[in-house]
Amino acid sequence: MRQAGSADLVVKRAEAADLAVEGLGKSFLGRPVLAGIDLQVPSGSLLAILGASGGGKTTLLRLLCGFERADAGTIEVGGRRLVGRGLHVPAHRRRIGYVAQDGALFPHLTVAANVLFGLPRAARRQRHRAEALLDAVGLSAAFAGRQPHELSGGEQQRVSLARALAPGPALVLLDEPFSALDAALREETRTGVAAALAAAGATAVLVTHDQAEALSMGHQVGVLRGGRMVQVATPRTLYRQPADAALARFIGDAVLLPGEASGDAVICALGTLPLLARARGLVEVMIRPEQIRLAQDGLQGMVERSGFDGRDGLVLIRLVGADARVSARVPGYAVPSCGSVVRLKVDGPVLAYPAQSGTASI
Ligand code: ADP
Ligand code: MG
């Protein structure tokens, strides 16, 4: 620990606190929006929750911070129970910071006043404190005197995070914080915000409908579907081993082919492929398009459609001699034209689901 007088006094480090949620449920007008939600977020880590629009993401954050009352379940932060049977600790006593979707800065206040807004009156005049908080989110002291309308969207988001971090919260909640930003700014702001959260030692829950955002930011990623958490895993596990075929399609692009598994291998239109997890019988094989590579030899196919986004392209290929189409992700410089004949290889193990598991939709 650094000594008093250093930046620690100015930017309070969050008291590391874990989040534990059990059986959380909420209905609106008799319609369940969330049911049986269980979460374990270790202190200092970031859980990203991915879900379609209208899936209950904002509702979950509002339950956590106390703006909304739960119908069922418990919430504990750092072992302190905030929600349970007959218990609803009010929002202002939860020590939870909230970064709303649009940043929600006060337009008539300076950046410094916005950042210090949640602090006791005496602390609200301490410009050095605002500057230290801005520094923590990667903004220079020059921003302190500006008005929100003089900031870019990404800068506003960072100010909003600085404001949420100011009181040294036990938990920080972020509601689709980057959705209003353009692609270049989004990546930069993500990196800045992740670094600021890590430096503050904050436990955080971020909700988003953006797969890349969830996978790149979360230490763990949870997927919310139909009001339930269908899977919580590390980004790698979620991408490589999604719980079902619908989830595989939701988390990126997926090639799905019928096949027959025999333990550690599966036979399908792409040949005999090794399995990531053992399976037997009729299955649906899941292969990521980046596992399918154009090669000198291998299975023959014809290009039916070629997508191109600069960096790479998604190429739809009809396999010769089989009634199957697959998508291959190809580097942009090597995207073949429609109608050309190519040869394919598959890299790495693939996944198999029991046949017909892929009918559910996200
Ligand atoms: P998301 O943030 O994932 O887009 P929300 O949590 O905002 O989803 O909403 C989930 C569902 O709950 C939606 O169908 C929404 O219309 C409904 N809902 C949210 N808040 C209320 C409310 N206060 N009263 C009634 N219905 C609500
Ligand atoms: Mg929302």
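Order of listing sets the numbers, starting from 1, for every ligand and every atom in it.
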- Roughly how far, to the nearest 0.5 Å, is the CG atom of Leu139 from the CD atom of Gln156? 11.0 Å

- Can you tell me how far CE of Met229 sits from CG of Leu47, rounded to the nearest 0.5 angstrom? 6.0 Å

- Separation between CG (Asp264) and CG (Leu275), nearest 0.5 Å, reads 7.0 Å

- Just checking, Arg158 and Phe143: is the charged tip under 6.0 Å from the six-membered ring centre and within 45° of the axis? no

- Query: Among Leu61, Val89, Leu173, whose side chain to side chain contact (heavy atoms under 4.5 Å, CB included) with Ile96 holds?
  - Reply: Leu173

- Is it the case that more than 12 heavy atoms not belonging to Gln231 sit under 6.0 Å from its CD atom? yes

- Query: Between the main-chain N or O of Cys338 and the side-chain N or O of Ser306, is there a donor-acceptor pair closer than 3.5 Å?
  - Reply: no

- Message: Can you list every protein residue that has a heavy atom under 4.0 Å from any atom of ligand 1, sorted by chain and residue number?
- Response: Phe28, Arg31, Val33, Ala52, Ser53, Gly54, Gly55, Gly56, Lys57, Thr58, Thr59

- Tested for side chain to side chain contact (heavy atoms under 4.5 Å, CB included) against Pro177, the lone hit among Leu206, Leu161, Thr208, Val207 is Leu206

- Does NZ or CZ of Arg288 fall inside the cone over Tyr239's six-membered ring, less than 6.0 Å from its centre and within 45° of the axis? yes

- Nearby protein N/O/S atoms (those under 2.8 Å) for the Mg ion (ligand 2), with water ignored: Thr58 OG1

